[in-house]
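Okay, structure first, notes after.
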2 protein chains.
Amino acid sequence: MDNYRGQLDPVFHALADPTRRAVVQQLARGEATVSHLAKPHAMALPSFMKHVAVLEQAGLVVTRKSGRVRHCRLNAERLAACEAWFADQRLAWQSRFDQLDSLLTELQAGEPT
Amino acid sequence: MDNYRGQLDPVFHALADPTRRAVVQQLARGEATVSHLAKPHAMALPSFMKHVAVLEQAGLVVTRKSGRVRHCRLNAERLAACEAWFADQRLAWQSRFDQLDSLLTELQAGEPT
DNA sequence: AAAATACTTAGGTCAATAGCTAACTATAGG
DNA sequence: CCTATAGTTAGCTATTGACCTAAGTATTTT
């Protein structure tokens with residue numbers, strides 16, 4: 001069930017950069033080649049390629065080369081695994097409030113003065 | 001609406017570390033003091049304090065000092081803002097599949113052989 | 001075949017991160 | 001008042017990260 005644990009470090013790290021988040025955002029709208037993805041970013045190609053490599057090593061992006069062109073697509077599963085972590089925390093947080101809630105209800109019931 | 005944008009870098013960066021994610025996870029279950037949070041981590045206190053500072057600067061954690069003790073609590077809003085980013089991407093990704101889906105449906109309708 | 005395109009590799013700089021120890025400050029408890 | 005506790009500050013080191021330029025490879029395109 002928690003197979004995804006231990007792989008979150010590289011995913012969060014990959015997403016902690018605006019260039020890389022923009023790439024993910026772009027790829028969520030469809031596949032693209034490296035140079036197409038790179039165009040909006042004011043950066044030398046080798047620098048940009050490193051960002052793609054970081055995303056790929058995090059498992060967020062899958063690439064394949066066809067001729068001299070490299071195509072990239074998003075691996076949505078990885079993104080979902082990461083989102084699941086947030087859901088976990090939110091549940092813990094909320095159940096804490098639920099407990100607090102019932103505690104308050106009990107106190108009110110016990111001290112109706 | 002997208003007030004949270006531009007603040008995601010430090011949040012993702014903060015979460016790209018297992019120690020800090022463990023702290024968030026712990027705080028989701030309730031407030032705690034710095035030394036209580038530090039106990040499970042095999043690390044010198046000053047090192048651990050830096051992690052807390054990173055979380056605090058990312059806005060994920062709020063601290064207050066009472067006497068010689070510093071109490072920490074989670075700022076769930078920041079966590080939620082981050083989770084919202086994933087939801088955004090997922091929506092874009094899904095709507096892309098919806099489009100593909102209706103395209104396929106159209107093709108099937110148009111070519112019943 | 002020559003030239004343009006789309007990466008790739010190599011190597012270098014500079015700043016930021018994660019960790020440490022040692023020494024200090026400010027409470028709390030006895 | 002003295003000691004233990006809880007955190008803080010300062011300063012050092014090693015690694016990683018984000019860029020760059022220059023030069024190389026592999027594929028089209030002309």
Side-chain angles (χ1 to χ4, degrees), chain A residues 5-27 30-74 78 82, chain B residues 5-27 30-74 78 82:
Chain A
R5 278 197 184 113
Q7 307 196 347
L8 287 178
D9 282 40
V11 176
F12 276 116
H13 167 69
L15 295 175
D17 178 285
T19 299
R20 292 192 292 254
R21 275 200 310 282
V23 169
V24 167
Q25 204 147 8
Q26 181 65 44
L27 290 178
E31 295 200 11
T33 68
V34 167
S35 49
H36 178 248
L37 288 169
K39 211 165 280 178
H41 302 283
M43 188 182 298
L45 230 219
S47 309
F48 184 80
M49 294 286 295
K50 282 199 182 170
H51 286 301
V52 174
V54 168
L55 287 165
E56 193 168 11
Q57 282 174 15
L60 284 165
V61 164
V62 179
T63 74
R64 103 197 94 91
K65 196 158 184 184
S66 135
R68 63 184 165 175
V69 173
R70 184 172 291 280
H71 299 268
C72 308
R73 69 172 177 79
L74 188 63
R78 224 13 107 80
C82 203
Chain B
R5 280 201 180 107
Q7 307 198 346
L8 285 178
D9 283 40
V11 176
F12 277 116
H13 167 69
L15 294 175
D17 178 285
T19 299
R20 292 193 291 254
R21 276 200 309 283
V23 169
V24 167
Q25 204 146 9
Q26 181 64 45
L27 289 178
E31 295 199 13
T33 67
V34 167
S35 49
H36 179 247
L37 287 170
K39 211 164 280 177
H41 303 283
M43 185 181 299
L45 229 219
S47 309
F48 184 79
M49 293 285 295
K50 282 196 184 173
H51 287 300
V52 174
V54 168
L55 287 166
E56 193 168 12
Q57 282 175 14
L60 284 166
V61 164
V62 179
T63 73
R64 100 197 97 89
K65 198 160 181 183
S66 134
R68 62 186 166 175
V69 173
R70 184 172 291 278
H71 299 268
C72 308
R73 69 175 177 77
L74 189 63
R78 223 16 106 81
C82 204

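Any value given below was found using the heavy atoms of this structure, including those in side chains, with hydrogens, waters and symmetry copies removed. Note on naming: letters A, B, ... go to the chains in the order of the sequence lines (proteins, then strands), and numbering restarts at 1 for each one.
- Residues K65(A) and A16(A) both approach DNA chain D. Their nearest nucleotides, taken by heavy-atom distance, put A16(A) toward the 5′ side.
- Taking atom NE2 of H71(A) as the reference point, atom P of dT27(D) lies 13 Å away to the nearest angstrom.
- Classified by interplanar angle (parallel below 30°, tilted 30° to 60°, perpendicular above 60°), the ring pair F12(B)/F12(A) is tilted.
- For R68(B) and dA4(D), the CZ to P distance is 12 Å, given to the nearest whole Å.
- When DNA chain C is scanned 5' to 3' for any atom under 4.0 Å from a heavy atom of chain B, the first and last hits are dT17(C) to dA28(C).
- Here the CD-NE2 distance, from Q26(A) to H36(A), works out to 6.0 Å after rounding to the nearest 0.5 Å.
- In this structure, the side chain to side chain contact (heavy atoms under 4.5 Å, CB included) partners of T63(B), at least two apart in sequence or on a different chain, are V52(B), E56(B), V61(B), R70(B), C72(B).
- The side-chain heavy atoms of S66(B) and H71(B), taken from C-beta on, include a pair separated by under 4.5 Å.
- Once rounded to the nearest 0.5 Å, the distance linking CG of L8(B) with CZ of R78(B) reads 9.0 Å.
- L60(A) places a side-chain heavy atom less than 4.5 Å from the side chain of L15(A).
- For residues 35-53 of chain A, proximity to DNA chain D is found at M43(A), A44(A), P46(A), S47(A), K50(A), H51(A), defined as any non-hydrogen atom under 4.0 angstrom from a strand atom.
- Here the P atom of nucleotide dT15(D) and the CG atom of D17(B) are 18 Å apart, to the nearest Å.
- For the atom pair CG of L37(B) and OG1 of T19(B), the computed distance is 11.5 Å after rounding to the nearest 0.5 Å.
- Contact check for M43(A) versus H51(A): side-chain heavy atoms found under the 4.5 Å cut-off.
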